[in-house]
Amino acid sequence: MNVNQSVPPVPPFGQPQPIYPGYHQSSYGGQSGSTAPAIPYGAYNGPVPGYQQTPPQGMSRAPPSSGAPPASTAQAPCGQAAYGQFGQGDVQNGPSSTVQMQRLPGSQPFGSPLAPVGNQPPVLQPYGPPPTSAQVATQLSGMQISGAVAPAPPSSGLGFGPPTSLASASGSFPNSGLYGSYPQGQAPPLSQAQGHPGIQTPQRSAPSQASSFTPPASGGPRLPSMTGPLLPGQSFGGPSVSQPNHVSSPPQALPPGTQMTGPLGPLPPMHSPQQPGYQPQQNGSFGPARGPQSNYGGPYPAAPTFGSQPGPPQPLPPKRLDPDAIPSPIQVIEDDRNNRGTEPFVTGVRGQVPPLVTTNFLVKDQGNASPRYIRCTSYNIPCTSDMAKQAQVPLAAVIKPLARLPPEEASPYVVDHGESGPLRCNRCKAYMCPFMQFIEGGRRFQCCFCSCINDVPPQYFQHLDHTGKRVDAYDRPELSLGSYEFLATVDYCKNNKFPSPPAFIFMIDVSYNAIRTGLVRLLCEELKSLLDFLPSLLDQIPEMFADTRETETVFVPVIQAGMEALKAAECAGKLFLFHTSLPIAEAPGKLKNRDDRKLINTDKEKTLFQPQTGAYQTLAKECVAQGCCVDLFLFPNQYVDVATLSVVPQLTGGSVYKYASFQVENDQERFLSDLRRDVQKVVGFDAVMRVRTSTGIRAVDFFGAFYMSNTTDVELAGLDGDKTVTVEFKHDDRLNEESGALLQCALLYTSCAGQRRLRIHNLALNCCTQLADLYRNCETDTLINYMAKFAYRGVLNSPVKAVRDTLITQCAQILACYRKNCASPSSAGQLILPECMKLLPVYLNCVLKSDVLQPGAEVTTDDRAYVRQLVTSMDVTETNVFFYPRLLPLTKSPVESTTEPPAVRASEERLSNGDIYLLENGLNLFLWVGASVQQGVVQSLFSVSSFSQITSGLSVLPVLDNPLSKKVRGLIDSLRAQRSRYMKLTVVKQEDKMEMLFKHFLVEDKSLSGGASYVDFLCHMHKEIRQLLS
Ligand SMILES: [Zn+2]
């Protein structure tokens, strides 16, 4: 379905309409002239001439938000576009809804302490028509697990394109051969010269922004066990247990012989056995084999790094990199908090790198969008594409258009230009912003995106001061702020009609499992409190289906019914769908159980992530056209095919929640908390987002939960304040150091109250001709966010191993380019990392060993599909803690201390068996109790007299009236409040079988599934870099 934007008929300002030079759109068909017919959102999307007009298929309703209008819209009255922007003079601006809407006169100072106008009504208000409640029809007999594998459907059109920015999506380490074990005395060529490997005493000649790392006392062998307390009970052969949050499934036994800490892990999947030099010694990481190589003097640690038991006797102790000598995420986070957490971040200066997401800071908008809305991988872009290719640093922005702000920061001001609507460049349709240049005494302005000279309409005219600035610049948000909103005129509305307020519809699965687990009763009770009308139906539902035997469910028809209801009500809205099982009943969208773990690590693994049938995608498109966003709450007892069921939420901007093996008593708090939060979210409906850029770069790729029917417009049936859209940019021309580069993100949406608005975010970036400037202004957390999303999309089309290899290669190229072009000459054996990327290896390793890219035995196919889908929309804060969990010691600091304890590195070495720790990653929350914790502490927290009496797996701490109990429970509450989903607590005792789950999150250690330890991976990365440089 192509969008048929076209040049709007007769622009009012009489500018000729040259073709926007930044666009290369020949592939979308020819230019259409000014007589072009309908333009859905023509106003919004700008001229973008020349899309082919293809009527959508199978859609009875007209224009999807910004999608292709059906042929019928071309016959809109008076030749007016369905979304025409120009013309119609006397349409009242503003919705007819009851929402109060203040207008902001253009000259009114907005910097006053007045609350921003246009605030939305309390979110609990039921929007629009009363929600209806639909039941899921259920039929027939029990669910069968057939194990059949359905053919993979084509994924085209889902936005799951092949990788675009990496050199290669497949392949292996360029030099995997070096990976293997080296026979004694046969060190790898590059490190021979070094008595000690790789990482040497830092040479201070390196530029100040580089980090180099000191090894342990040169040549001095160090046993792994010397670096941390040796904990008892570190080998586990016992059964694993399901993870509390996103990992489901009943406990499964690990393959026999798998050890958690021993040197003999599973075969590292990253290596191909046939590669020379590789010996399948299954170190499980990048390190060399245990055994014969122990005397190898290379940089490769020969032993696992985490407090392992000594293992088989070795003739000589291996050398080992000191974990304290390699870059520590904790240190970097602490340093940034100390250096940048005290002053507000003022956005007036172009190309400033914001504080890290882990730092608490306030933002003052002085012309660029807050980092809460936009974060970039780099704030200094290479001027040429050659430079960009050389560096391999992806140029991307992670955009959260409706981000929630802390109470101290004002929401974007709403600007109302009345009937004339927002002022835009005639050529590229960019919105008025602080970077537009007023000339000729204020009568014209030059567009900062496309350089077009535009007339200033009389009602907007203002004189310039002696610096060329409009004298009213500080009275107008759109001339002085990075982020603001415009009230949209009716031209920005579907069918030239202001929208009705959106509606919420709850659709409840009432099949056997849903009734049996108590879900239906719980949900109906909760909805009653959320919506205090409709009580009678909600009372009746649990009774009506109390005796149900139906176990088969349908899915697609349910969504269809909800969407039809919205269509009939002529409004956008949200469906809340509560569902328990694989929809195997005879109906559209019927699915088979096709789960097959044998596909893991084969070329067919990708099919596990692909939807089983195209029906879901077709349905999703219809939903987007109606502005129908779908949130899915899953309560599976077994495989439900999340990969397929999540297609509709994913493409409509919705959310998926999964509560495996749901039990009311254990899971109700988590479910209800998520539901309440979800219902109360501020959502923009029927939205379209477009990112414009100044000449020289353009948006080429997009990641997130949305639908795209063309290459530029991100269509979102709904977009909430937690969702991000990640945009990648490529050069299409040379950039200029002086003018820099500009981004403008414009989101057209309908507010919960039914008001049509445009939210604009602007960001100016620097451009450089020196690579060093690029490497000085990168943000690793954002890079990792982008790389994870890129990789997680890649698994839909490529073998997982190829995806991992691509990431490793790219990381090595980034760091090698720095080493070659920016670092001072130094010994090849020294690892030098750019200061702002010194955590790239540790974080990238966390992505590589995540459940999607390297699943452990306990991770189900649904878990992987679920996480893959979640990460796609995560912001940088979320990916940061998701991939590198926070581990907080609770008993190290005095109980009176009111500040959050400083985190420690996520490694078993950092755990002391006399302490208690909290670990969180945004989805999971563990309380780890050391075996030697003082009896008094045990009593204070758990109200039992000894460690052995603590119930393993406990999910609620007793409410006790003592300082420690209060402090720990308070901290848990505070962590939960920081995250967008409720984190269920799991108490884990040291040496208990549950501990294995917990250790899965100690990401600096080697993982059971073969993921490398941080130390091993860093050494491997070093090797890759040297290989690239030699
Ligand atoms: Zn322009």
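Both counts, for ligands and for their atoms, begin at 1 and track the order of listing. Count residues from 1 along the sequence.
- Take A699 and apply the side chain to side chain contact (heavy atoms under 4.5 Å, CB included) test, not counting sequence neighbours, and it matches F702, V727, F729.
- By the side chain to side chain contact (heavy atoms under 4.5 Å, CB included) test, P355 pairs with D336, R340, F345, T359, F361, sequence neighbours left out.
- Using modelled atom types, one side-chain atom of H731 and one backbone atom of P382 make a donor-acceptor pair closer than 3.5 Å.
- Of the angles at the Zn ion (ligand 1), the one spanning SG of C428 and SG of C425 is 120° when given to 10°.
- In this structure, a donor-acceptor pair under 3.5 Å is present between the side chains of K789 and T724.
- In summary, an N, O or S atom of C450 is located under 2.8 Å from the Zn ion (ligand 1).
- When distances to the Zn ion (ligand 1) are checked against a cut-off of 2.8 Å, C447 contributes an N, O or S atom below that limit.
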